[in-house]
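Taking it in order: structure first as structure tokens, then the write-up.
The sequence lines fix the lettering, A, B, ..., with proteins before strands; numbering per chain opens at 1. Note: hydrogens, waters and symmetry copies are ignored here, and every other heavy atom, side chains too, is used.
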Amino acid sequence: GESVGLHLPTLSVQEGDNSIINCAYSNSASDYFIWYKQESGKGPQFIIDIRSNMDKRQGQRVTVLLNKTVKHLSLQIAATQPGDSAVYFCAENSGGGNKLTFGTGTQLKVEL
Amino acid sequence: DAGITQSPRHKVTETGTPVTLRCHQTENHRYMYWYRQDPGHGLRLIHYSYGVKDTDKGEVSDGYSVSRSKTEDFLLTLESATSSQTSVYFCAISVSSGRGGEQFFGPGTRLTVL
């Protein structure tokens with residue numbers, strides 16, 4: 001079936017470096033994508049989204065890139081901080097009722 | 001938190017007992033969702049609701065039922081809990097009535113079935 005997956009389960013970066021978290025999706029009909037951050041013991045927190053008619057969107061310290069040709073999504077975090085340590089999920093919306101399909105997550109660890 | 005609360009936050013129960021989890025929102029959003037989160041699986045949709053008395057099944061609905069008699073409350077029931085239903089359960093709302101709206105999540109309920 002259709003699935004959303006992640007290339008790397010764990011990513012370790014030095015504080016101040018940029019982080020790149022990748023996500024592959026397989027449903028070519030998906031037209032909306034979201035990145036979520038989940039800290040330990042908490043619910044997922046919305047970070048940034050992008051629609052399929054865009055290939056880049058920027059927020060505060062975060063950028064999402066969408067490559068529809070290879071069905072790839074990435075989240076870039078600039079100047080990574082200790083507070084960025086969390087699990088990051090990508091999700092796609094390809095169905096009615098605003099249903100989301102989530103990837104399995106990437107653990108980001110920020111080393112001091 | 002988009003005004004989402006879940007109760008209880010933690011529950012331990014025995015196999016075969018019924019369990020009901022409650023999700024409450026304060027902002028009258030139409031769409032509500034129940035997910036479970038397990039290691040290696042991410043978040044998986046159990047059931048969702050378009051509005052009062054309007055619900056549908058998600059990816060992993062077997063063994064679960066839901067009810068929505070008021071806009072603000074979405075209940076998830078395990079009729080006869082099994083150990084495979086040990087998980088963290090998250091409720092979410094969608095703030096958009098159209099396609100592609102982001103979802104906001106509650107704090108979660110950790111359920112352990114012994």
Quick check: closest heavy atoms across Phe90(B) and Lys42(A), and the distance to 0.1 Å? CZ-O, 3.7 Å
Side chain / backbone / both / neither for Gln45(A) at chain B, heavy atoms under 4.5 Å: neither
Would you find more than 12 non-hydrogen atoms of other residues, nucleotides or ligands less than 6.0 Å from Glu14(B) atom CD? no
Applying a strict under-4.5 Å side-chain criterion to I, L, V, M, F, W and Y, I'd like to know whether Trp34(B) and Val88(B) cluster together. yes
Spell out, yes or no, whether Ile48(A) and Met54(A) are grouped together once hydrophobic residues are joined by side-chain heavy atoms under 4.5 Å, including indirect joins. yes
Taking atom CD of Gln60(A) as the centre, does the number of heavy atoms from other residues, nucleotides or ligands within less than 6.0 Å exceed 12? no
Do Leu11(A) and Leu75(A) belong together in a cluster built from hydrophobic side chains that touch within less than 4.5 Å? yes
Indicate the atoms forming the closest heavy-atom contact of Tyr36(A) with Glu102(B), along with that distance. OH-C, 4.2 Å
Tyr35(B)/Leu100(A) under side chain to side chain contact (heavy atoms under 4.5 Å, CB included): CA gap, chis, key distance, verdict: CA-CA 10 Å; Tyr35(B) 293 88; Leu100(A) 295 176; 3.9 Å; yes
A quick test of your reading: do over 12 heavy atoms of other residues, nucleotides or ligands sit less than 6.0 Å from CZ of Arg44(B)? yes
Quick check on Gln37(B) against chain A: is it the side chain, the backbone, both or neither that has a heavy atom closer than 4.5 Å? side chain
Under 4.5 Å from any heavy atom of chain A, what part of Leu43(B) do you find: side chain, backbone, both or neither? both
Please work out whether the ring planes of Phe46(A) and Phe104(B) are parallel, tilted or perpendicular, with thresholds of 30° and 60°. tilted
